[in-house]
2 protein chains.
Amino acid sequence: MKRAPTQKGRKKPASVDELRDICRQAGIKLTPQRLEIFKAISSAQDHPSAEILYERLKKRMPTISLDTIYRTLNTFEKLGLIKRVQLLNDQARFDADMESHHHFICTRCKKIIDFKWPDFDSTKLPENIKAFGKVYGQQAELRGICRQCLKKEESE
Amino acid sequence: MKRAPTQKGRKKPASVDELRDICRQAGIKLTPQRLEIFKAISSAQDHPSAEILYERLKKRMPTISLDTIYRTLNTFEKLGLIKRVQLLNDQARFDADMESHHHFICTRCKKIIDFKWPDFDSTKLPENIKAFGKVYGQQAELRGICRQCLKKEESE
DNA sequence: TTGGTTGCAAATATTTTGCAACCGG
DNA sequence: CCGGTTGCAAAATATTTGCAACCAA
């Protein structure tokens, strides 16, 4: 399977036709399971977990299994069709520096680099945020590939 | 144990003396384990996981157990002494909307609300980021309590 | 002294993987 | 037809919890 070059290309959720093309180009099959999972996630208003998608899909496709959902979500992620909301889903990581700072996360080795960004700190939140509830923290997250991993990629 | 009112108060990592005060005020004991875990995390340059802290602490305190580390990290988080780098460590959540948008996350119910923030999108990254590696995505994350949870808190 | 805390072990939860049957292209 | 994919079960990983012994205040 060919990975999407970066996460930049795509915008709004892909259409089913685009999905078909993307699968063909990647050399993978568009199975009924993949199609249903894709439709479920691209029409979802929330940000469903594998388990939630499983519950929803069982109604339409009673034989689908949870591990197919996991596998398919990983596949779609590699193809650049979906993103996981937070990257560090293996182990929780902690920070004792409570001062305002931001994170660069390497998607390859999961390294986290802190940085300061005063221009961000002083950017005003949109007005409509107030309607969501009470905000008590804001921070920026960059995703990328760190120097070391870039070097490794060259030599592969 | 009394929770910290919000995450706003604290700045740089607390000192051991501050830790002692905070424990006293919260009515919890400052055990040797808590002290060592605190020192380990507040002096760490990376953003260690429970497992990593366990490996480091075993050298100084061979009898310490992994579950004490988990419990203590949760305690410290409630006291506002540390933050977890990413909140959603239970289940991975996915998003098919690849267009630039940002997330408000309710720390109580884990709901995610999307929003647009053009002022953020047009804020230039600090110069020194280039040295970290290649960036291919940036987004803001707000932490707070959503409307529904605020209402629930009132009635508790 | 004593109630909160620890360490152990077991339970729970989440995600991944080996494998034989299956099916989309 | 054939190689990639599925569903099942089992494994691997991460985190939480019940409980008796322990110890900081």
Side-chain angles (χ1 to χ4, degrees), chain A residues 1-3 16-17 19-38 40 47-55 57-58 60-79 82 84-94 110, chain B residues 1-3 16-17 19-38 40 47-55 57-58 60-79 82 84-94 110:
Chain A
M1 184 175 61
K2 213 182 340 179
R3 260 170 203 262
V16 170
D17 283 342
L19 173 66
R20 189 161 277 119
D21 280 351
I22 288 167
C23 286
R24 192 174 302 133
Q25 281 175 37
I28 67 169
K29 292 174 183 171
L30 181 51
T31 63
Q33 289 89 339
R34 285 185 176 150
L35 186 57
E36 287 304 322
I37 293 169
F38 178 77
H47 297 73
S49 63
E51 194 83 38
I52 298 278
L53 286 168
Y54 181 51
E55 290 309 317
L57 284 164
K58 268 199 293 198
R60 303 185 141 280
M61 192 174 252
T63 63
I64 202 167
S65 71
L66 182 56
D67 40 83
T68 295
I69 307 216
Y70 274 109
R71 271 188 286 231
T72 302
L73 290 172
N74 284 332
T75 301
F76 286 169
E77 189 189 16
K78 282 192 199 124
L79 294 177
I82 61 174
R84 54 183 78 216
V85 174
Q86 298 199 331
L87 289 174
L88 308 171
N89 262 95
D90 35 356
Q91 294 181 306
R93 316 238 329 238
F94 296 87
K110 306 289 169 70
Chain B
M1 181 176 64
K2 212 182 344 177
R3 259 170 202 264
V16 169
D17 284 342
L19 173 66
R20 189 163 275 118
D21 280 352
I22 287 167
C23 286
R24 192 176 301 133
Q25 281 176 36
I28 67 169
K29 293 175 185 172
L30 181 50
T31 62
Q33 289 88 340
R34 284 183 178 150
L35 184 57
E36 286 304 321
I37 293 168
F38 177 77
H47 298 72
S49 64
E51 194 83 38
I52 298 279
L53 286 169
Y54 182 50
E55 290 307 319
L57 284 164
K58 267 199 294 197
R60 302 185 142 279
M61 190 174 252
T63 63
I64 201 166
S65 71
L66 182 55
D67 40 84
T68 296
I69 308 219
Y70 274 109
R71 271 189 285 233
T72 302
L73 289 171
N74 284 332
T75 302
F76 286 170
E77 189 188 16
K78 282 191 198 125
L79 294 176
I82 61 172
R84 54 183 77 217
V85 174
Q86 297 200 331
L87 288 173
L88 310 170
N89 262 95
D90 34 356
Q91 293 183 307
R93 313 226 349 226
F94 296 86
K110 307 288 170 70

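In the text below, chain A, chain B and the rest are named by the order of the sequence lines, each starting its count at 1.
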Participant: Quick check on dG7(C): is either OP1 or OP2 less than 4.0 Å from any side-chain nitrogen or oxygen of T68(B)?
Facilitator: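 Yes, within the criterion.
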Participant: Taking atom P of dT6(D) as reference, at what distance in whole Å does atom CD1 of I64(A) sit?
Facilitator: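 Value for this atom pair: 8 Å.
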Participant: Quick one: CD on E36(A) to OG1 on T31(A), what's the gap to the nearest 0.5 Å?
Facilitator: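 Reported value, rounded in 0.5 Å steps: 10.0 Å.
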Participant: Look at the side chain of K29(B) and decide which nucleotide, out of dG7(D), dT5(D), dC23(D), has an atom nearest to it.
Facilitator: dC23(D)
Participant: Show me, pair by pair, the donor-acceptor contacts under 3.5 angstrom made by side chains of residues 48-55 of chain A, not counting sequence neighbours?
Facilitator:
{"from": "S49(A)", "atom 1": "OG", "to": "I52(A)", "atom 2": "N", "distance (Å)": "3.3"}
{"from": "S49(A)", "atom 1": "OG", "to": "Q91(B)", "atom 2": "OE1", "distance (Å)": "3.4"}

Participant: Starting at CD1 of I37(A) and ending at P of dT6(D), how long is that distance when rounded to a whole Å?
Facilitator: 7 Å
Participant: Measure from CZ on F76(B) to P on dT5(C) and round the result to the nearest Å.
Facilitator: 11 Å
Participant: Rounded to whole angstrom units, what separation is found between the NZ atom of K78(A) and the C1' atom of dG4(D)?
Facilitator: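 It works out to 14 Å between those atoms.
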Participant: Grab the CZ-P distance between R93(B) and dT15(C) for me, whole Å please.
Facilitator: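 Rounded to the whole Å, the gap is 11 Å.
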Participant: How does protein reach along nucleotides 12-18 of chain D, written 5' to 3' as B (base within reach of a heavy atom under 4.0 Å), S (only sugar-phosphate), or - (no contact)?
Facilitator: --SSBBB
Participant: Measure the distance from CG on L79(A) to P on dT5(D) and round it to the nearest whole Å.
Facilitator: 10 Å
Participant: Atom CE of M61(A) and atom P of dC23(C): how far apart are they, to the nearest Å?
Facilitator: 12 Å
Participant: For D90(A), enumerate each residue passing the salt bridge (charged side-chain N to carboxylate O under 4.0 Å, His left out) test, keeping only those at least two apart in sequence or located in another chain.
Facilitator: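 Partners of D90(A) under the salt bridge (charged side-chain N to carboxylate O under 4.0 Å, His left out) test: none.
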Participant: For the pair made of CG in L57(B) and C1' in dG7(C), what is the distance, rounded to whole Å?
Facilitator: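 Going from L57(B) (CG) to dG7(C) (C1'), I get 15 Å.
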